[in-house]
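The next block holds one structure in the form of structure tokens; read it before the comments.
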Amino acid sequence: MKNILITGGAGFIGSHVVRLFINNYPNYNIINLDALTYAGNLENLSDIEGSKNYKFVKGDICDAQFINELMQKESITDIIHLAAESHVDRSISDPLSFVRTNVIGTVNLLNAAVAAWKDAYDQHIFYHVSTDEVYGSLGETGFFLETTSYDPQSPYSASKASSDHFVRAYANTYGLNIKVSNCSNNYGPNQFPEKLLPLMINNIKNNKPLPVYGKGENIRDWLYVVDHARAIDDIFHKGKVGETYNVGGFNEWKNIDIVNLLCKVMDKKLNRQDGDSAKFITFVKDRAGHDMRYAIDATKINKDLGWEPSLQFEEGLEKTVDWYLENEAWLKNVTSGKYQEYYDEQYA
Ligand code: NAD
Ligand code: DAU
């Protein structure tokens with residue numbers, strides 16, 4: 001019997017991980033711990049909230065006493081840690097909140113795991129979900145391997161790199177059973193519209209300018225979010241303790257190309273003339289310290305665990321656009337109130 005604490009389960013990736021575990025493992029108890037920040041939304045889980053093996057707990061990973069009590073109260077056997085501040089632009093305007101959640105919050109969880117599991121570390125797993133951004137920025141060639149040196153370039157990636165180092169330090173120092181994965185850019189349903197694709201989808205729908213940073217030449221490697229959740233499942237169950245796995249889509253796109261493709265897909269879906277939406281593309285001031293290229297070499301997880309992406313990108317993009325068009329209420333809810341203040345400040 002496992003009682004798995006999933007942190008950040010009301011967020012974008014976390015909600016897909018919670019759903020997959022609830023559906024695939026009815027004999028596990030899933031405890032979703034989330035502070036419900038602007039990025040957390042219980043609507044993401046409305047389809048599974050009544051499941052017998054699911055419990056939601058509202059709380060902050062930075063509250064050490066609360067976490068320690070939760071570990072005891074729910075007899076937590078394993079942790080899959082996704083809770084984080086996750087948006088690079090916000091880390092540029094408010095770095096300290098990233099240090100707080102991503103570094104201090106992670107160390108609190110590690111301390112709680114050590115306190116609760118110290119008599120039997122080998123029976124428990126602390127799985128830390130991280131990002132490819134810790135490796136820094138690539139030039140035109142090359143890929144991030146699990147052995148690539150860390151070289152974070154933004155306050156967000158520096159805070160994630162720090163949390164990765166703490167997780168590995170706790171394995172070395174205390175003997176905690178850890179697993180780490182570093183994934184490339186996710187896209188799909190339920191992503192908050194501060195990130196490139198949902199922001200563009202929302203703006204295309206509303207005939208608003210499509211703000212592309214700099215010249216749009218930066219490159220990202222895109223993976224459908226459910227494929228990331230499948231990778232997390234494989235690593236949690238089959239990955240070697242102490243190991244790191246890189247997860248990616250083998251799917252690199254220049255920002256300007258991906259925005260043009262999205263415009264084409266949405267012109268069709270919205271019965272507009274081909275080219276109508278692309279007229280709204282607007283090149284805006286570049287992101288400070290903007291990493292040029294990310295590309296993951298996912299050979300290890302493919303060879304060792306048999307994981308590979310299940311969806312072609314074009315198919316995943318269509319599914320994503322369909323989801324946003326069919327879930328107007330979700331989009332309206334998350335873009336009301338504070339979102340507008342953020343948007344006005346970011347894109348002034
Ligand atoms: P998200 O911003 O959509 O969700 C983060 C969740 O964490 C939210 O539900 C939020 O309420 C919760 N949270 C924030 N602070 C908290 C706190 N102090 N206590 C408890 N809960 C808190 O993020 P996401 O895009 O789903 O990313 C999830 C994880 O995956 C993060 O660790 C991120 O670094 C990592 N990651 C993301 C991507 C990506 O492309 N989005 C890629 C690789 C790795
Ligand atoms: O690589 C994994 C990372 O991917 C995750 O760890 C992060 O949590 C996630 O936010 C994402 O980071 P990026 O900075 O790559 O994603 P974002 O969607 O913010 O931006 C993607 C690219 O698009 C990037 O080069 C910046 C650019 N961009 C973004 C926005 C929001 C624009 O040109 N215009 C925009 O309005």
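Counting convention: from 1, in listed order, for ligands and their atoms alike. The structure presented is a predicted model; accordingly, all values stated were derived computationally and were not measured.
Proximity to Tyr156 (heavy-atom distance under 4.0 Å) selects the following atoms of ligand 2: 5 (C), 6 (O), 7 (C), 8 (O). Here is the list of ligand 2 atoms found below 4.0 Å of a heavy atom in Tyr294: 1 (O), 15 (O). The distance from ligand 2 to the heavy atoms of Lys195 drops below 4.0 Å at these ligand atoms: 10 (O), 18 (O). Within ligand 2, counting atoms from 1 as listed, the ones closer than 4.0 Å to a heavy atom of Ser86 are 7 (C), 8 (O), 9 (C), 10 (O). For ligand 2, the atoms sitting less than 4.0 Å from at least one non-hydrogen atom of Glu194 are 31 (C), numbered in the order shown with element in parentheses.
Judged by the 6.0 Å distance and 45° axis criteria, Lys2 is not positioned over the aromatic ring of Phe21. Cation-pi geometry between Arg90 and Phe98 is not met at under 6.0 angstrom from the ring centre and within 45 degrees of the axis. At least one cation-pi condition fails for Arg287 and Tyr213: the charged atom is not both under 6.0 angstrom from the six-membered ring centre and inside a 45 degree cone around its axis.
Lys279 pairs by the salt bridge (charged side-chain N to carboxylate O under 4.0 Å, His left out) definition with Asp276, not counting sequence neighbours. In this view, Tyr224 and Tyr187 satisfy the ring-ring contact (aromatic ring centres under 6.0 Å, His included) rule, not counting sequence neighbours.
Between His237 and Tyr28, the two ring planes are parallel [angle under 30°; tilted spans 30° to 60°].
Atom 25 (O) of ligand 2 has as its closest protein heavy atom His290 NE2, 2.7 Å. Regarding atom 16 (O) of ligand 2, its nearest protein heavy-atom neighbour is Asn185 ND2, 3.4 Å. Nearest protein heavy-atom contact of atom 1 (O) of ligand 2 is Asp132 OD1, 2.5 Å. Ranking the protein heavy atoms by distance from atom 21 (C) of ligand 2 puts Leu196 CB, 3.8 Å first. If you check which protein heavy atom lies closest to atom 3 (C) of ligand 2, you get Glu133 OE2, 2.9 Å.
For Phe192 and Phe12, the distance between ring centers is not under 6.0 angstrom.
Side-chain contact of Asn333 with Glu43: a donor-acceptor pair under 3.5 Å is present, judged by distance alone.
By the criterion of side-chain heavy atoms lying less than 4.5 angstrom apart, applied directly or through intervening Ile, Leu, Val, Met, Phe, Trp or Tyr residues, Ile4 is not grouped with Val57; the two fall into different hydrophobic clusters.
Around ligand 1, the residues contributing at least one heavy atom under 4.0 Å from the ligand are Gly8, Ala10, Gly11, Phe12, Ile13, Asp34, Ala35, Leu36, Thr37, Ala39, Gly40, Gly59, Asp60, Ile61, Leu82, Ala83, Ala84, Ser86, Thr101, Val129, Ser130, Thr131, Tyr156, Lys160, Cys183, Ser184, Asn185, Asn186.
Evaluation of the side-chain hydrogen bond (donor to acceptor under 3.5 Å, both in side chains) test over residues 118-127, restricted to residues two or more places apart or in two chains, returns Tyr127-Ser181.
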Worksheet item: Asp267 and Ser277: side chain to side chain donor-acceptor pair (under 3.5 Å), yes or no, with the steps?
Response: CA-CA 6 Å; Asp267 279 343; Ser277 300; 2.5 Å; yes
